[in-house]
Amino acid sequence: MTPVHFSFSSAFMLGLMGLAFHRTHLLSALLCLEGMMLSLFIALALWTMQLESTVFSTAPMLLLAFSACEASAGLALLVATARTHGTDRLQNLNLLQC
């Protein structure tokens with residue numbers, strides 16, 4: 001395993017562990033998701049540069065576009081949750097309640 005591969009896989013795993021074990025606020029969960037997406041973007045960009053192929057050259061840009069859409073949807077949910085419940089703590093949210 002190369003050091004570059006190790007660093008990006010460890011960055012993804014740290015984001016995943018932060019998402020799995022530290023779920024107190026919605027903002028921290030969104031930041032963990034964003035960190036995971038950015039590590040995937042950098043790893044995919046380096047992979048396409050190593051292959052030196054133009055076939056996969058658009059894949060990192062598509063992933064970055066979907067990541068931006070995911071971030072905007074997450075921030076919209078954060079604002080809506082903060083307005084209705086007054087906080088972004090995930091323990092206070094009840095998904096079964098209308």
Out of curiosity, [X] [atom1] to [Y] [atom2], how far, rounded to the nearest 0.5 Å?
{"X": "T58", "Y": "L63", "atom1": "OG1", "atom2": "CG", "answer": "11.5 Å"}
{"X": "M36", "Y": "S67", "atom1": "CE", "atom2": "OG", "answer": "11.0 Å"}
{"X": "E34", "Y": "L19", "atom1": "CD", "atom2": "CG", "answer": "12.5 Å"}
{"X": "L16", "Y": "L33", "atom1": "CG", "atom2": "CG", "answer": "9.5 Å"}
{"X": "M49", "Y": "L44", "atom1": "CE", "atom2": "CG", "answer": "12.0 Å"}
{"X": "F41", "Y": "F8", "atom1": "CZ", "atom2": "CZ", "answer": "10.5 Å"}

In terms of hydrophobic clusters joined by side-chain contacts under 4.5 Å, are [X] and [Y] together?
{"X": "I42", "Y": "L62", "result": "no"}
{"X": "L31", "Y": "L14", "result": "no"}
{"X": "F66", "Y": "M61", "result": "no"}
{"X": "V79", "Y": "L27", "result": "no"}
{"X": "V4", "Y": "F12", "result": "yes"}

- Set of ring-ring contact (aromatic ring centres under 6.0 Å, His included) partners for F56, sequence neighbours left out: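 Counting only residues at least two positions away or on another chain, F56 forms a ring-ring contact (aromatic ring centres under 6.0 Å, His included) with W47.
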- Item | Results of side chain to side chain donor-acceptor pair (under 3.5 Å) for T48 - residues two or more places apart only |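 Expected list: none.
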- Message: Closer than 3.5 angstrom, by distance alone: can the side chain of S10 be matched with the main-chain N or O of F6 as a donor-acceptor pair?
- Response: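 Flag set: sc S10 to bb F6 pair under 3.5 Å.
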- Message: Ignoring hydrogens, what is the shortest heavy-atom contact between G15 and C32? Give both atom names and the distance.
- Response: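 For G15 and C32, the tightest heavy-atom pair comes out as O-CB, 3.6 Å.
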